[in-house]
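Structure, as structure tokens:
In what follows, every chain begins at residue 1, and chains take the letters A, B, ... in the order their sequences are listed. Keep in mind the model is a prediction, meaning the values are calculated, not measured.
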There are 2 protein chains.
Amino acid sequence: MTCSGDQLLEMLSALANPHRLRILATLSSMGRTYVSQLAREIGISRPLLHLHLRKLEEAGLVTSRLEISPDGKALNFFEVAPFAIELTPAAIAEAAPSLTATSRHSDS
Amino acid sequence: MTCSGDQLLEMLSALANPHRLRILATLSSMGRTYVSQLAREIGISRPLLHLHLRKLEEAGLVTSRLEISPDGKALNFFEVAPFAIELTPAAIAEAAPSLTATSRHSDS
DNA sequence: CCCACCTGTAAGTAAAATCTTACTGGTGGG
DNA sequence: CCCACCAGTAAGATTTTACTTACAGGTGGG
């Protein structure tokens, strides 16, 4: 799996957080779940979980789908995306050149 | 390569930064170099590079060795460690349970 | 109508990461 | 002695990230 430097960086940033690692681990073990249930399972507040899920989804590591349960409740189900990132010096050397500047002062 | 959740998190945190990715890429391409030379190559200040190198070394992604050049200067050479991290949902599910709390209020 | 679920988001604060500037100290050579 | 290299570190400003609290709105059912 070869991806752009920026995309790699976005995934790494999404993964570099204990809560988000736990979220992925839980989703990987339990399979699909909806937000409130996942918040209870992990033991963090819903707004906080929502924040982390958004970051994970933007990085393409999880996917969501809104579904209507039999009793009419709108549930937002999340599941892990089947990613596989190989992190080696060579892979990083290949991806790094395509990193955009992203500096806020100057890049002369 | 199986490692503890905390160790994985430390590596991911070290990798989740454009400068540090570039540092690893440069070291991987050029081979061993000393700090000042690397700073010139990448185009960042020495103190800043020193900061990033410290983080990379703490995570075990680079190694350093102080050497004396023929003309008597003390040069601190860095090189990439031969790491290989496989990032998949399953690998994360395996590592996550060994994450330490790291919460500052309560985890009841 | 109110309660129990579900969803999302905005505002404000607390904490951590990042970066610059400035300082300290070593060596060799003009 | 001063200049050109090399090294490291510490203080302070800025930016990002993380988190809490509070709000707004949907459904079904007692």
* Asked: When clusters are formed from ILVMFWY side-chain contacts under 4.5 Å, directly or step by step, what else is grouped with B/Tyr34?
  -> B/Leu75, B/Phe77
* Asked: Heavy-atom contacts under 4.0 Å between residues 24-39 of chain A and DNA chain C, which residues?
  -> A/Tyr34, A/Val35, A/Ser36
* **Nucleic acid contacts - residues 62-70 of chain B versus DNA chain D, non-hydrogen atoms under 4.0 Å** => none
* Can you list the residues that meet the salt bridge (Lys or Arg N to Asp or Glu O under 4.0 Å) rule with A/Arg40, with sequence neighbours excluded? -> none
* Which residues satisfy the salt bridge (Lys or Arg N to Asp or Glu O under 4.0 Å) test with B/Glu41, sequence neighbours excluded? -> none
* Integer-rounded Å distance: C/dA17 P and B/Leu12 CG -> 14 Å
* To do: Starting at atom CG of A/Leu75, determine the distance to atom P of D/dG26, rounded to an integer number of angstrom.
  => 17 Å
* Of all the heavy-atom pairs spanning B/Val80 and B/Ser28, show the shortest one and how long it is. => CG1-N, 4.1 Å
* To do: Grab the CD1-C1' distance between A/Ile44 and D/dC19 for me, whole Å please.
  => 10 Å
* Which pairs pass ring-ring contact (aromatic ring centres under 6.0 Å, His included) with one or both residues in residues 37-60 of chain A, sequence neighbours excluded? -> A/His19-A/His52
* Whole-Å distance between D/dA18 P and A/His19 NE2? -> 10 Å
* Please give, in whole Å, the distance from D/dA18 P to A/Ile42 CD1? -> 15 Å
* Can you name the residues that form a salt bridge (Lys or Arg N to Asp or Glu O under 4.0 Å) with B/Glu79, not counting sequence neighbours? -> none
* Qualifying residues under salt bridge (Lys or Arg N to Asp or Glu O under 4.0 Å), relative to B/Arg46, sequence neighbours excluded -> none
* **Separation of atom CD in B/Glu58 from atom C1' in C/dA17, rounded to whole Å** => 13 Å
* Asked: For B/Thr33, what residues pass the side chain to side chain contact (heavy atoms under 4.5 Å, CB included) criterion, not counting sequence neighbours?
  -> B/Leu27, B/Met30, B/Gln37
* Counting only side-chain N and O atoms of A/Asn17, is one of them less than 4.0 Å from OP1 or OP2 of D/dT17? -> no
* Structure fact -> Correct closest heavy-atom pair for A/Asp6 and A/Ser98 would be OD2-O, 4.0 Å
* To do: Give a yes/no on whether any side-chain N or O of A/Arg40 is located under 4.0 angstrom from OP1 or OP2 of C/dC5.
  => no
* Could you list the residues that satisfy side chain to side chain contact (heavy atoms under 4.5 Å, CB included) with A/Ala95, not counting sequence neighbours? => A/Leu8
* Pair B/Asp71-B/Ser69, side-chain donor/acceptor within less than 3.5 Å -> yes
* Asked: Does any residue of residues 46-57 of chain A have a heavy atom under 4.0 Å from DNA chain C, and if so, which ones, in number order?
  -> A/Arg46, A/Pro47, A/His50
If you restrict it to nitrogen or oxygen atoms, what contacts under 3.5 Å exist between nucleotides 1-4 of chain C and the protein, and what is each distance?
none

